[in-house]
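Heads up: the structure comes next, in structure tokens.
The shown structure was predicted, so the numbers you read here are calculated from the model rather than taken from an experiment. Just the heavy atoms: all of them, side chains too, but no hydrogens, waters or symmetry mates, feed the values below.
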Amino acid sequence: MVLLREKNDFNASKTLVLPVWERLQKLENWFLDEIYLINNIFFLFDLNTGITMIKSALKSIERYSSYQNIYTLKIALNLNLVYLKLFNNEAHLALALVDETIHHCELVKRYDLMAITYIRKGLLNFSLNKNDNESITYGLSILRILKIDDIHIEMEKEIEQFMR
């Protein structure tokens with residue numbers, strides 16, 4: 001990740017993590033550290049591989065459901081999967097996941113992640129030709145009230161990207 005951040009070399013970064021993915025995809029279950037790793041490298045791969053990685057991580061995370069802070073990781077994985085489904089024109093497959101994610105955000109009081117989830121819910125509905133400006137507006141309002149300007153800016157870009 002340092003290589004990607006400092007040198008902006010996407011291909012070199014992927015080359016470094018490819019052997020990790022090749023090893024992990026052969027395993028039935030992953031350790032928690034491996035799930036965190038997948039959450040940080042999935043975007044280096046093509047869309048279908050990224051979706052496979054996130055789905056496998058979500059399956060493996062169930063073993064850790066009694067861990068105290070596991071919901072935040074599950075929320076992150078869900079949000080990443082929703083994003084990939086949105087990007088892959090599979091919004092209809094992600095709507096149920098959004099409602100689950102909102103519930104998890106409420107449980108752990110992660111209102112920043114809840115805001116992102118509401119925005120993505122609105123984008124999913126938009127891609128299904130349903131008007132859901134309320135979800136997008138609600139998510140942006142949460143970010144504005146919490147004064148989380150950096151995420152607000154990124155979500156505005158995401159909204160523009162998907163609502164073109």
Roughly how far apart are Thr52 OG1 and Leu47 CG, rounded to 0.5 Å?
10.0 Å
Kindly indicate whether the side chain of Ile119, heavy atoms from C-beta on, has any atom under 4.5 Å from the side chain of Leu143.
yes
So which of Glu100, His104, Glu106 actually passes side-chain contact (heavy atoms from CB on, under 4.5 Å) with Ile102?
Glu106
Closest approach of Leu44 to Lys14 (non-hydrogen atoms, all atoms of both residues):
O-CD, 3.3 Å
Check whether more than 12 heavy atoms from other residues, nucleotides or ligands sit under 6.0 Å from atom CD of Glu28, and answer yes or no.
no
When you group the ILVMFWY residues by side-chain heavy-atom contacts below 4.5 Å and let the links chain together, are Leu128 and Leu93 in the same group?
no
Using the rule that two of Ile, Leu, Val, Met, Phe, Trp, Tyr join whenever any of their side-chain heavy atoms come within less than 4.5 Å, decide whether Ile153 and Tyr111 are in one cluster.
no
Indicate whether the side chain of Thr49 and that of Asp46 have a donor and an acceptor atom separated by less than 3.5 Å.
yes
Which atom pair, heavy atoms only, marks the closest approach of Ala115 to Gly139?
CB-O, 3.3 Å
Under 4.5 Å between any side-chain heavy atoms of Leu84 and Lys55, yes or no?
no
Distance from Asn80 atom CG to Phe42 atom CZ, nearest 0.5 Å?
3.5 Å
Residue pair Asn40 / Tyr36: nearest heavy atoms and the distance that separates them
ND2-O, 2.9 Å
Between Ile142 and Ile148, is any pair of side-chain heavy atoms under 4.5 Å apart?
no
To check you understand the geometry: which heavy-atom pair defines the closest contact between Ser60 and Asn29, and what is its length?
OG-CA, 3.7 Å
Closer than 3.5 angstrom, by distance alone: can the side chain of Arg120 be matched with the main-chain N or O of Leu79 as a donor-acceptor pair?
yes
So, taking the atom named CG in Leu24 and the one named CD1 in Ile35, what distance separates them when rounded to the nearest 0.5 Å?
10.0 Å
Any side-chain heavy atom of Leu32 within less than 4.5 Å of one from Leu73?
yes
Would you mind checking if Glu154 and Lys157 are paired as a salt bridge, meaning a charged N to carboxylate O distance below 4.0 Å?
yes
Is Tyr67 linked to Leu107 within one hydrophobic cluster, defined over Ile, Leu, Val, Met, Phe, Trp and Tyr using a side-chain heavy-atom separation of less than 4.5 Å?
yes
Point-to-point distance, once rounded to the nearest 0.5 Å, from CD1 of Ile116 to CG of Leu140
10.5 Å
Atom CD1 in Ile159, atom CD1 in Ile136: separation rounded to 0.5 Å?
5.5 Å
Do Ile38 and Trp21 touch side chain to side chain, with heavy atoms closer than 4.5 Å?
yes
Set out, in order, the CA-CA distance, both residues' side-chain angles and the distance that settles side chain to side chain contact (heavy atoms under 4.5 Å, CB included) for Lys85 and Leu97, then state yes or no.
CA-CA 11 Å; Lys85 294 287 186 183; Leu97 192 57; over 6 Å; no
Using a 3.5 Å distance criterion without hydrogens, assess whether the side chain of Thr137 forms a donor-acceptor pair with backbone atoms of Glu134.
no
Crowding at CD, Glu160 (>12 non-hydrogen neighbours, <6.0 Å)
no
Parallel under 30°, tilted from 30 to 60°, perpendicular over 60°: which one fits the rings of Phe162 and Tyr83?
perpendicular
Closest approach of Trp30 to Arg63 (non-hydrogen atoms, all atoms of both residues)
O-NH1, 3.9 Å
Any idea which heavy atoms bring Thr117 and Cys105 closest together, and the distance?
OG1-SG, 4.0 Å
Just so I know, are the side chains of Asn125 and Leu95 near enough to count as touching, which here means a heavy-atom distance under 4.5 Å?
yes
Any chance CZ of Phe87 has more than 12 other-residue heavy atoms, nucleotides or ligands included, within less than 6.0 Å?
no
Let me confirm one number: the CG-CG distance from Asn78 to Leu113, rounded to the nearest 0.5 Å.
11.0 Å
